[in-house]
Amino acid sequence: MNNLEGFKLAPGFLERRAQEQLVEDLRALLKEAPFYTPVMPRSGKPFSVRMTNCGTLGWVSDRDGYRYQPTHPETGRPWPPIPQVLLAAWGELGGYSKPPEACLINFYASGTRMGLHQDRDEEDFAAPVVSLSLGDEAVFRIGGQSRKDPTRSLRLKSGDALVLGGEARLAFHGVDRIIAGTSTLLPKGGRINLTLRRVTKGE
DNA sequence: TAGTTGCG
DNA sequence: GGGC
């Protein structure tokens, strides 16, 4: 049905200790590039999820649209570099020759969500999208390349990795809800999702 | 128009 | 979780 080729779930890809070290890396990174609240193009409605990025490019949304840009929209500073453990994850799971340029960092507090969407603001759809989950569990939904295709839902746990490549690269996906109290990784709860992407076709 | 990373 |  919607067994899209190129969809891969790696449960427990990061063990607990690696998750803790990554959270430490992120703590430092977030001082340089704090979470901000993006808004929807044209309507200006805020996302419930807060965002920041690392890498040479970051995904942003504002009244003008969705795009990748080299600087934080509020501080104007370049995004910090992508932590090594994430580059290693890309190498291990992505199976792609070029390194990731963008790592979108989403923070889902309890009660936040992300509607069904496609990742299609990149030039390079041959590259996979690699995603890691930290903290509370998410009810994740994925369908096909058309919005009306049937969807299925799965639970993403802290340390799980997800790869969207091949046919699944342009699959609609989203987060229905966060289940509070399902992880002790983040002291204040919530979920962090890290999404690695190749943006350009060039070097 | 078609589409909507949101809303209901 | 479907549909606008």
Side-chain angles (χ1 to χ4, degrees), chain A residues 1-4 6-7 9 26 30 33-55 57-74 79 86 100-125 127-156 160-165 167-180 182 190-200:
Chain A
M1 201 96 326
N2 101 92
N3 284 337
L4 288 177
F7 169 82
L9 173 64
L26 293 177
L30 289 168
F35 283 119
Y36 69 98
T37 301
V39 300
M40 290 286 290
R42 111 199 168 288
S43 72
K45 283 184 180 172
F47 287 58
S48 61
V49 170
R50 312 225 300 145
M51 297 183 178
T52 187
N53 290 267
C54 53
L57 291 170
W59 186 87
V60 300
S61 174
D62 60 21
R63 284 196 135 83
D64 297 332
Y66 307 143
R67 66 188 173 280
Y68 282 91
Q69 65 178 43
T71 56
H72 191 291
E74 292 185 350
W79 305 107
L86 296 178
E101 294 166 303
C103 177
L104 176 61
I105 305 171
N106 288 160
F107 179 71
Y108 293 80
S110 175
T112 67
R113 57 199 166 155
M114 181 75 78
L116 264 198
H117 67 279
Q118 288 174 303
D119 289 8
R120 59 175 175 197
D121 300 312
E122 303 75 28
E123 290 174 6
D124 189 354
F125 293 148
V129 170
V130 173
S131 156
L132 285 129
S133 295
L134 294 174
D136 284 336
E137 292 176 18
V139 180
F140 180 79
R141 179 164 299 279
I142 183 163
Q145 297 186 348
S146 165
R147 179 176 284 281
K148 60 186 190 324
D149 288 342
T151 63
R152 73 180 147 131
S153 109
L154 57 147
R155 198 71 69 86
L156 296 180
D160 289 355
L162 195 61
V163 182
L164 299 181
E167 292 176 10
R169 174 63 180 77
L170 289 171
F172 277 85
H173 60 280
V175 173
D176 289 344
R177 75 182 197 100
I178 300 300
I179 307 179
T182 47
R191 169 177 185 259
I192 292 174
N193 180 244
L194 303 152
T195 310
L196 294 154
R197 302 191 185 97
R198 180 74 196 182
V199 179
T200 71

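Keep in mind the model is a prediction, meaning the values are calculated, not measured. Only heavy atoms go into these numbers, but all of them, side chains included; no hydrogens, no water, no symmetry mates.
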Residues that A:Glu123 engages under side-chain hydrogen bond (donor to acceptor under 3.5 Å, both in side chains), provided they are two or more places apart: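 A:Glu123 satisfies side-chain hydrogen bond (donor to acceptor under 3.5 Å, both in side chains) with no residue once adjacent residues are dropped.
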Face-on cation placement of A:Arg169 at A:Phe125 ring, 6.0 Å and 45° thresholds: no
A:Phe7 six-ring face occupied by A:Arg152 cation (under 6.0 Å, within 45°): yes
Base-pairing mate for B:dA2 - Watson-Crick or G-U, with both contacts under 3.5 Å: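 Per the H-bond distance test, none.
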A:Asp176 or A:Arg147, whichever maps to the more 5' nucleotide of DNA chain C: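 The 5'-side residue here is A:Asp176.
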In this structure, how many angstroms lie between the [atom2] atom of [N] and the [atom1] atom of [X], rounded?
{"X": "A:His173", "N": "B:dT4", "atom1": "NE2", "atom2": "P", "result": "12 Å"}
{"X": "A:Arg113", "N": "B:dT4", "atom1": "CZ", "atom2": "C1'", "result": "14 Å"}
{"X": "A:Asp119", "N": "B:dT4", "atom1": "CG", "atom2": "P", "result": "12 Å"}
{"X": "A:Phe47", "N": "B:dG6", "atom1": "CZ", "atom2": "C1'", "result": "8 Å"}
{"X": "A:His117", "N": "B:dA2", "atom1": "NE2", "atom2": "P", "result": "23 Å"}
{"X": "A:Asn106", "N": "B:dG6", "atom1": "CG", "atom2": "P", "result": "10 Å"}
{"X": "A:Arg63", "N": "B:dG6", "atom1": "CZ", "atom2": "P", "result": "15 Å"}
{"X": "A:Leu116", "N": "B:dC7", "atom1": "CG", "atom2": "P", "result": "14 Å"}

Short side-chain N/O contact from A:Arg42 to OP1 or OP2 of B:dG3, under 4.0 Å: no
N or O in side chain of A:Arg120 less than 4.0 angstrom from B:dG3 OP1/OP2: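 No, because none of the side-chain N or O atoms of A:Arg120 sits under 4.0 Å from OP1 or OP2 of B:dG3.
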Strand DNA chain C as a dot-bracket string - pairs counted if Watson-Crick or G-U with both distances under 3.5 Å, | where the partner lies in another strand: ..||
Donor-acceptor side-chain pairing of A:Ser131 and A:Asn193 below 3.5 angstrom: yes
Distance-only side-chain donor-acceptor flag, A:Arg191 / A:Ser133, under 3.5 Å: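 On atom types as modelled, these side chains qualify, holding a pair under 3.5 Å.
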Under 4.0 Å, counting only non-hydrogen atoms across every strand here, what does [X] touch: a base, just sugar-phosphate, or nothing?
{"X": "A:Met114", "result": "base"}
{"X": "A:Gly174", "result": "nothing"}
{"X": "A:Arg177", "result": "nothing"}
{"X": "A:Asn193", "result": "nothing"}

P atoms of B:dA2 and B:dG6, separation to the nearest Å: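 These two P atoms come out 23 Å apart once rounded.
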Pairing of A:Arg197 and A:Asp124 as salt bridge, 4.0 angstrom limit: no
Whether A:His72 and A:Trp79 hold their rings parallel, tilted or perpendicular, with breakpoints at 30° and 60°: tilted
